[in-house]
Amino acid sequence: ITIKKKIPVKVSLKTTMEQDGQQETFAFAEDGEFITLNDKYYLRYLEHQNGQATPVQFRLDDGEVHIHRQGATETWLVFDPDQPTITRYRTAYGVMQLQVVTSRLDRDLDPTIPAGRLSLGYRLQGGGQEIGSYQIELHFTA
């Protein structure tokens, strides 16, 4: 049985990334939707940056969080605090295999409102090299 519920929410997201000793922070406030589907929870919104609208989806599972971004490059990231995960990152030069090492995953979710908070810290590694470290602070509420 598929039960699908969509509720409009306000999403605020702050991402801090550190690559090659440079730190950058991006903050967004977007309209999104909270979706309940087969006892799984999804948060979807369009991220607007530099005149581009990028569809972003978070899947908020109990032990893991999945992020899917469909922009110029499509990204699937799986965050599991217990073990590194592997993702493929499509670039103009071909597909790179990256390792996602999750250092922090704090999640607070109330699907009845719905409202939630996600605090995520992770590192990306590729070809034996550290690519960067990232912090995501996500809040949403109906």
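Just so you know, residue 1 is the first one in the sequence shown, and it goes up from there.
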Below 3.5 Å, can you tabulate the donor-acceptor pairs from side chains in residues 8-31 to any protein atom, sequence neighbours excluded?
unit_1, atom_1, unit_2, atom_2, d
Lys10, NZ, Asp31, OD1, 2.5
Thr16, OG1, Thr25, OG1, 3.4
Gln19, NE2, Tyr134, OH, 2.8
Glu30, OE1, His48, ND1, 2.9
Glu30, OE2, His48, N, 2.9
Glu30, OE2, His48, ND1, 3.4

**OP:** Scan residues 65-79 for pairs that pass salt bridge (Lys or Arg N to Asp or Glu O under 4.0 Å), counting only residues two or more places apart or in two chains.
**Re:** Glu47-Arg69

Original post:
Do Val95 and Tyr89 touch side chain to side chain, with heavy atoms closer than 4.5 Å?
Top reply: no

Original post:
Sub-3.5 Å donor-acceptor pair from the side chain of Thr36 to the main-chain atoms of Tyr41, do we have one?
Top reply: no

Subject >> Partner residues of Arg117 under the salt bridge (charged side-chain N to carboxylate O under 4.0 Å, His left out) criterion, sequence neighbours left out >> reply: none

Original post:
Stepwise, does the side-chain contact (heavy atoms from CB on, under 4.5 Å) test hold for Leu138 with Leu43?
Top reply: CA-CA 10 Å; Leu138 171 75; Leu43 181 67; 3.7 Å; yes

**OP:** Step by step, work out the side-chain contact (heavy atoms from CB on, under 4.5 Å) result for Val101 and Gln125.
**Re:** CA-CA 8 Å; Val101 181; Gln125 297 167 338; 3.6 Å; yes

Original post:
What residue pairs, at least two apart or across chains, pass ring-ring contact (aromatic ring centres under 6.0 Å, His included) with a residue in residues 55-81?
Top reply: His68-Trp76, Phe79-Tyr122

Subject >> ILVMFWY cluster membership beyond Ile35 - transitive side-chain contacts under 4.5 angstrom >> reply: Leu37, Tyr42

**OP:** I would like to know whether Thr75 and Ile67 meet side-chain contact (heavy atoms from CB on, under 4.5 Å); could you show each step before the answer?
**Re:** CA-CA 8 Å; Thr75 320; Ile67 298 179; over 6 Å; no

Subject >> Main-chain N/O of Gln52 paired to Asn50 side chain as donor or acceptor, under 3.5 Å >> reply: no

Original post:
Excluding sequence neighbours, so at least two apart, what forms salt bridge (charged side-chain N to carboxylate O under 4.0 Å, His left out) with Glu33?
Top reply: Lys6

Review item, side-chain donor-acceptor pairs of residues 104-113, under 3.5 Å, at least two apart:
unit_1, atom_1, unit_2, atom_2, d
Arg104, NE, Ser119, OG, 3.1
Arg104, NH1, Gln135, OE1, 3.0
Arg104, NH2, Ser119, OG, 2.9
Arg104, NH2, Gln135, OE1, 3.3
Arg104, NH2, Glu137, OE2, 3.2
Arg107, NH1, Leu60, O, 2.8
Arg107, NH1, Asp61, O, 2.7
Asp110, OD1, Thr112, N, 3.0
Asp110, OD1, Thr112, OG1, 2.4

**OP:** Find out if a path of hydrophobic residues (ILVMFWY) with successive side-chain heavy-atom gaps under 4.5 Å connects Leu77 to Leu98.
**Re:** yes

Subject >> Nearest atoms (heavy-atom pairs only) where Asp80 meets Thr102 >> reply: N-OG1, 3.3 Å

Original post:
Considering all heavy atoms of both residues, which atom of Thr141 and which atom of Ala115 are nearest to each other, and what is their separation?
Top reply: OG1-CB, 3.7 Å

**OP:** Name all residues meeting the side-chain contact (heavy atoms from CB on, under 4.5 Å) criterion together with Ile7; count only those two or more places apart in sequence or in a different chain, and write none if there are none.
**Re:** Lys5, Pro114, Ala142

Subject >> Nearest atoms (heavy-atom pairs only) where Gly63 meets Pro81 >> reply: O-CD, 3.4 Å

**OP:** Under the side-chain contact (heavy atoms from CB on, under 4.5 Å) rule, what do Leu124 and Val100 come out as? Steps first, then yes or no, please.
**Re:** CA-CA 5 Å; Leu124 286 181; Val100 183; 3.7 Å; yes

**OP:** Determine whether Leu46 and Val56 make a side-chain contact, defined as any pair of heavy atoms from C-beta on separated by less than 4.5 Å.
**Re:** no

